[in-house]
S.K.: 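One structure follows; several queries about it will come next.
FYI, side chains are in, hydrogens and waters are out, and symmetry mates aren't considered; it's all heavy atoms of this structure. Convention: sequence-line order gives letters A, B, ...; per-chain numbering from 1.
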Number of protein chains: 2
Amino acid sequence: MHVRRPATLASLAAELGVSRTTVSNAYNRPDQLSPELRRRVLETARRLGYPGPDPVARSLRTRKAGAVGLLLTENLSYAFRDPAAIGFLEGVALACEDSGQGLLLVPASPEREDVAAVHRAGVDGFIVYSVPDDDPHLAAVLERPVPTVVVDQPELDNVDRVGIDDRAAVTQIAQHLIELGHRRIGVVCMRLARDRNDGFVTVDRQHAAHFHVQRARLEALATAFAAANVDWTTVPVVERFDHNTACGSSAAAQLLDRDPHLTALICTSDILALGALAEARRRGLRVPQDLTITGFDGIPEAERAGLTTVRQPVLEKGRAAGKLLVNAADHTRPRTVTLSTELVIGTSSAAPRMSEERWFGP
Amino acid sequence: MHVRRPATLASLAAELGVSRTTVSNAYNRPDQLSPELRRRVLETARRLGYPGPDPVARSLRTRKAGAVGLLLTENLSYAFRDPAAIGFLEGVALACEDSGQGLLLVPASPEREDVAAVHRAGVDGFIVYSVPDDDPHLAAVLERPVPTVVVDQPELDNVDRVGIDDRAAVTQIAQHLIELGHRRIGVVCMRLARDRNDGFVTVDRQHAAHFHVQRARLEALATAFAAANVDWTTVPVVERFDHNTACGSSAAAQLLDRDPHLTALICTSDILALGALAEARRRGLRVPQDLTITGFDGIPEAERAGLTTVRQPVLEKGRAAGKLLVNAADHTRPRTVTLSTELVIGTSSAAPRMSEERWFGP
DNA sequence: TATTGGTTCTGGACCGTTACGGTCACTCCA
DNA sequence: TGGAGTGACCGTAACGGTCCAGAACCAATA
């Protein structure tokens, strides 16, 4: 049995009686050799089954991988079911496509704390999207000597950042509800740390949250409602580790079971809010007359449902991250891109009913 | 200005006075050296800022890239907006994650016929999803000396394949409509080739279609309806290059403008069917009383809308493709995985009204 | 005729790592 | 005491390219 070694640049060169450089030039710099010789090279390549220069060897020599790594520590299934995450992914993919870069999804499940995948990724840079700030994968990325862009993460030394002003956005929602007269509110938030805690959240846990975005939103809510004389320690906050409408429903149920007098539920994502809407419907509560519900993200489903929410430009976020990385070499870092958001007032928020308001009357 | 060259295995080894092999072993084969020396190596690495073995150099040496390439020649924005494509992507990602492989999205816009990205992709194999069979990117992939899996594509020599039985699935739809009594039908299909043709499709173009799936579906429809004594050449078929609900609407409009007596519209995707539903509503046509509409794919939105459609396991399709590739070395090829589909009868199909049926009466 | 300039091709260094097949010292046991 | 066995480490040879400085050749110019 003769196992034919695949042809290489060297074997092609030998066959043709030219130097390796010349063969290389035939592929990469056609102007560096005569058309006739080039034709011969390519023809012989075809004859010998030479598939063209090996991409890995080329990357080693040129120090360019031609790809960008994307780290979503999120369980992939959740990422692919969250329209906001998909929008982000699309934005990144578009930016990469524009610049001819590949996009490498780095496998990093939260369970398996296997950082090896980060070490093995042949990429020219990383985009890190919404991972806990103590994530070992993130730490591994930061050790790699390539430019990095973090998205929806706290600032880090010498790392570009893309995000929105979560505090300002959430404060708008809070103001909206405060102006409507809501004082008895409940909050549904996404996971705050790597450990699972499906239930009520202490204030300590809120402050210690490792997901920057969630922490910022809760803190901004606390500040805004404190200014309206609502004691934040009395505001029930429920956390859900997973991110889907079922979680939103059960979280809403948990809040309403504890305190049926709540007049508004603030959810830190549209997905959760849609679940909360379903739970309200199930209980026969009219939205917004009996219960106000707000979301966050501005996904199409939310818009269709008439949810009051904050629209954030998820696609632009991805695109901005991609662009930042692609021309990272040209600029001094760190740079920060803060995208603008917009409060969308839908039909899921209104003033609380009088019977509820009286709790705060004279 | 002193530009510090980043540390390498060799420089680390020199600093420590050990061989490069030993440093390599410190990272890859801890059992090959004493714990004490290993500790020293890693400590010195930290001190020198050595980030661990270079992934590209390692790939070159080990002949493993640790990643799978995914080729979606589709314009990315369409892929990320098509729930079926997203489901597929998720399946592939899951399979990759399971085996610790990265997933590289190869940038290949249909406009730019730039095949270089395929040549530059450092991957151990390719998955090719629903591209025209004359696509230059596909040709480039086939030239690369790595295993390949094609999905929703015609069979190719020595290439694994994943798909469904499109003919059988579409035949079920046709039978369903025929049994209901429909004879005046119109068809809305996705793009048939790389050139844009938003409008009616000749039978020639149907047979020459370069998108295998679309061709198979049209041919199966033709066969099934011919068996029911419907002359296929009289059946209007409208093609849309892009893939969104707006296209479905305009295509339905085009069909109904041409022949208001159509009793059923068969769409080759749910997205198109949802658009057709919207157009019917706009025209005041009741579905299914005045017009039957069917889709294909079984996306959640379709289910919600009560569409009669064929459900295909898109996630499984992705997962199967990923698995096939991951253990491609273990098996002789080619292998074919054909996944099963299921006719879902919703509320968008019913018998045509008598007034229409009479056209075919005695 | 010598010089210049341009095109075409070459040789060798280098990219940073891992595979492979050793060597060497030391222990163990008959 | 000597031979086998074992653990720890090393040297060399790839892996498959690209880069760079220059050589060889030829035609045009001074």
Side-chain angles (χ1 to χ4, degrees), chain A residues 4-42 44-45 48-66 116 119-124 144-146, chain B residues 3-41 44-45 48-66 116 119-124 144-146:
Chain A
R4 185 148 77 86
R5 296 293 320 257
T8 70
L9 212 120
S11 65
L12 230 195
E15 173 82 15
L16 282 157
V18 301
S19 77
R20 300 203 307 282
T21 303
T22 299
V23 178
S24 175
N25 284 336
Y27 285 95
N28 304 318
R29 266 185 282 259
D31 58 312
Q32 293 292 306
L33 72 174
S34 63
E36 158 60 13
L37 179 54
R38 180 170 135 92
R39 200 195 50 69
R40 265 181 58 218
V41 170
L42 298 182
T44 309
L48 264 52
Y50 175 63
D54 181 282
V56 175
R58 168 186 283 159
S59 285
L60 174 60
R61 181 66 240 237
T62 60
R63 322 277 325 140
K64 295 240 164 305
H119 290 138
R120 284 190 355 196
V123 296
D124 300 323
R144 292 273 309 258
V146 293
Chain B
V3 178
R4 188 147 78 84
R5 296 293 320 257
T8 71
L9 248 184
S11 65
L12 231 194
E15 173 82 15
L16 282 157
V18 301
S19 77
R20 297 200 301 277
T21 302
T22 300
V23 178
S24 174
N25 285 337
Y27 286 94
N28 304 317
R29 264 186 287 256
D31 58 311
Q32 293 292 304
L33 71 174
S34 64
E36 158 60 14
L37 178 54
R38 181 170 134 91
R39 199 194 52 68
R40 266 181 59 218
V41 170
T44 308
L48 265 53
Y50 175 64
D54 181 282
V56 175
R58 168 185 284 158
S59 286
L60 173 59
R61 184 65 244 239
T62 60
R63 323 268 336 130
K64 295 241 162 307
H119 289 138
R120 284 192 354 195
V123 296
D124 299 324
R144 292 273 309 257
V146 293

S.K.: Shortest non-hydrogen contact from B/Pro55 to A/Arg144?
M.R.: CG-NH2, 3.4 Å

S.K.: Atom CG of A/Leu37 and atom C1' of C/dT10: how far apart are they, to the nearest Å?
M.R.: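 Result: 12 Å.
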
S.K.: Do the side chains of B/Asp54 and A/Arg63 get close enough for a salt bridge, i.e. N-O under 4.0 angstrom?
M.R.: yes

S.K.: Can you find a donor-acceptor pair, distance only, under 3.5 Å between B/Thr62 side chain and C/dA19 base?
M.R.: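 Absent.
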
S.K.: Examine distances only and state if a side-chain atom of A/Ser59 and a backbone atom of B/Val56 form a donor-acceptor pair shorter than 3.5 Å.
M.R.: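 Not a single qualifying donor-acceptor pair exists.
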
S.K.: Do the side chains of A/Tyr50 and A/Thr44 get nearer than 4.5 Å, heavy atoms only?
M.R.: no

S.K.: Starting at the 5' end of DNA chain D and moving along, which residue's nearest nucleotide shows up first, B/Gln32 or A/Ala10?
M.R.: B/Gln32

S.K.: Could you check how far CG of B/Leu33 sits from P of C/dT23, rounded to whole Å?
M.R.: 21 Å

S.K.: Need one value for A/Arg38: base, sugar-phosphate or nothing, where a base atom within 4.0 Å counts as base even if backbone is also close, heavy atoms only.
M.R.: nothing

S.K.: I need the NZ-C1' distance between B/Lys64 and C/dA19, as an integer number of Å.
M.R.: 14 Å

S.K.: Of all the choices, C/dT17, D/dG16, C/dC9, which nucleotide is nearest to the side chain of B/Asp54 once you look at every atom?
M.R.: C/dT17

S.K.: With a 4.5 Å heavy-atom cut-off, do B/Leu9 and B/Ser24 have their side chains touching?
M.R.: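 They are in side-chain contact.
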
S.K.: May I ask you to say what B/Leu60 touches in the nucleic acid, namely base, sugar-phosphate or nothing, with a heavy-atom cut-off under 4.0 Å?
M.R.: base

S.K.: When you get a sec, tell me which of D/dC15, C/dG16, D/dC9 is the closest nucleotide to the side chain of B/Arg63?
M.R.: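 For the B/Arg63 side chain, the nearest candidate turns out to be D/dC15.
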
S.K.: Have a look at B/Leu9 and say if it touches a base, only the backbone sugar-phosphate, or nothing, with a 4.0 Å heavy-atom cut-off.
M.R.: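 Since a base atom lies under 4.0 Å of B/Leu9, the category is base.
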
S.K.: Please evaluate the base of D/dG17 for a donor-acceptor partner in the side chain of A/Thr8 within a cut-off of under 3.5 Å?
M.R.: no

S.K.: What does A/Tyr50 touch in the nucleic acid at a heavy-atom separation under 4.0 angstrom: a base, only the sugar-phosphate, or nothing?
M.R.: sugar-phosphate

S.K.: Rounding to an integer number of Å, can you tell me how far B/Asp31 CG sits from D/dC9 C1'?
M.R.: 13 Å

S.K.: Roughly, in whole Å, what's the span from NE2 in B/His119 to P in D/dG16?
M.R.: 17 Å

S.K.: For A/Glu36 and C/dT7, what is the distance between atoms CD and C1' respectively, to the nearest whole Å?
M.R.: 16 Å

S.K.: Taking the side chain from A/Asn25 and the backbone from A/Gln32, do they hold a donor-acceptor pair closer than 3.5 Å?
M.R.: no

S.K.: Picking from D/dT18, C/dC20, C/dG12, which would you name as closest to the side chain of A/Thr21?
M.R.: C/dG12

S.K.: Students often get this wrong, so: under 4.0 angstrom with heavy atoms, is B/Asn25 touching a base, only sugar-phosphate, or nothing?
M.R.: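 If one applies the 4.0 Å heavy-atom cut-off, B/Asn25 turns out to touch nothing in the nucleic acid.
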
S.K.: Is the phosphate of C/dC9, meaning OP1 or OP2, less than 4.0 Å from a side-chain N or O of A/Ser34?
M.R.: yes

S.K.: Which of the following nucleotides, D/dC10, D/dT18, D/dC15, is nearest to the side chain of B/Thr22?
M.R.: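 Looking only at side-chain atoms, B/Thr22 lies closest to D/dC10.
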
S.K.: Picking from D/dG17, D/dC9, C/dT10, which would you name as closest to the side chain of A/Val18?
M.R.: C/dT10

S.K.: Mind calculating the distance between CZ (A/Arg61) and P (C/dC14) to the nearest angstrom?
M.R.: 9 Å

S.K.: How many whole angstroms separate atom CZ of B/Arg58 from atom P of D/dG17?
M.R.: 21 Å

S.K.: Which nucleotide sits closest to the side chain of A/Arg20: C/dC9, D/dG16, C/dA13?
M.R.: C/dA13

